[in-house]
Amino acid sequence: MIPYGKHHIDEEDIQAVVDVLRSGILTQGPIVEQFEQEIARYVGARYAVAVSSATAGLHLAALAAGVGPSSTLITSPITFVASANAALYAGGSVVFADIDPQTINMSPHSLGVALKNNPNTKAVIPVHLAGLPCDMPAIKLLADNAGAVIIEDAAHALGGSYPEGGKVGSCLYSLMTVFSFHPVKAIASGEGGMITTNDEAVYRKLLRLRSHGINKLDDKLEIASQAKTNGEANPWYYEMQELGFHYRITEMQCALALSQLKKLDQFISRRRTLAKKYDESFADFSNCRPAQVMGRDFSGHHIYILRIDFNTLNLNRVGLMKKLKEKGIGSQVHYIPVPIQPYYRKLGLNLEDFPDAINYYEEALSIPLFYDLTDVQQEYIVTVFKDLVG
Ligand SMILES: Cc1ncc(COP(=O)(O)O)c(C=O)c1O
């Protein structure tokens, strides 16, 4: 079976994890810090905070951005539920801005309307779907004018860059950027995430929130008298100054991710070649087309999405997925629009507000794209599609 996505692990990765197991330090050690530094260096951000998942990262980022009761966060309807849930975890509310049908990313026009209708907007979460960077200059202009901060959901976009220059994660257009290292992502740590930022106060807050709200670095103590005995520092003393969480990541996970990071550019380059080959191959199909054809040299190429016109086919999506499976080809749908989810429907959202997201959802299908996909496998996938979809 050729899955729609898959990680690549080599002996060097395995050895890196084994080395940690032999080192005696399993968590809160030097490898977590090294991974943070290397990600910060790779993307060109001042700070990076490693967390247990991108979901945890989005939660902390929403809190660090000041999202709370009575504040609104705007995101895209075509994303994984975690991007929207971040607002609710922080006690705020979520609003969706429809997608641009050309990119499947948040439409700046829809964002402008949503910001006008929601003057309490504290944060905007653009999602770089499939790794394709959103129109960040336009989104930043709108968010700045509305006094909202930007948190980039870059779960799909490590290794991607902006057409205007700079790597995704450099926070050139945002207060924070959040990455995921779940196995189908660009690099894998098992589970894991990273928040990057250039803002020192935000960095310090993220460090505290990641670990129970306990003071970090040289944070000012609230009860300094408790910190010393006869003028000498109490080595056990710490202060919990706000309510935080336990969202830490282990040394083993970061060792794996660090080893994977060395191969990131090689991973992206192969994914890019495969994506371009798919683009060429599907160009003359009459019933399907690539969902995102622009920005091929900038995308992180996390997934490859086709838009299939099932109305003109004698086959619906379930039937197609079944036939693909019979031929040993995995496929998936990214994503069910979040406002359709039962939990979000109950919040009273009007689906007519997201026509482009709904249209996209009716046609979307992700097909295999991962580093180890061979040319022969790719040709086979295209041949099977020619047969079934044409
Ligand atoms: C767009 C997006 N945001 C956030 C997440 C959450 O990532 P994680 O599984 O690391 O919590 C995902 C996971 O697939 C995602 O696709």
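Residues take their numbers from the sequence shown, with the count starting at 1. As the structure lists them, so they are numbered: ligands from 1, and atoms in each ligand from 1.
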Q: Show the protein residues that qualify under the rule heavy atom under 4.0 Å from an atom of ligand 1, listing them in chain and number order.
A: Ser53, Ala54, Thr55, Leu58, Thr79, Phe80, Ala82, Ser83, Val127, Asp153, Ala155, His156, Ser180, Lys185, Gly192, Tyr335
Q: Between Glu239 (side chain only) and Glu222 (backbone N and O only), is there a donor and an acceptor less than 3.5 Å apart?
A: yes
Q: Hey, is the main chain of Ala188 close enough, under 3.5 Å, to the side chain of Gln260 for a donor-acceptor pair?
A: yes
Q: Just by distance, with hydrogens left out, do Ser83 and Asp153 show a side-chain donor and acceptor under 3.5 Å apart?
A: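 Asp153 and Ser83 do have a side-chain donor-acceptor pair below 3.5 Å.
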Q: Please check this pair: side chain of Glu191 against backbone of Ser52, looking for a donor-acceptor N/O pair closer than 3.5 Å.
A: no
Q: Does Ile25 have any side-chain contact (heavy atoms from CB on, under 4.5 Å) partners at least two apart in sequence or in another chain, and if so, which?
A: Ser23, Pro30, Glu251
Q: Counting only N and O atoms by type, is there a donor-acceptor contact under 3.5 Å from the side chain of Ser71 to the main-chain atoms of Gly68?
A: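 Here the side-chain-to-backbone pair exists.
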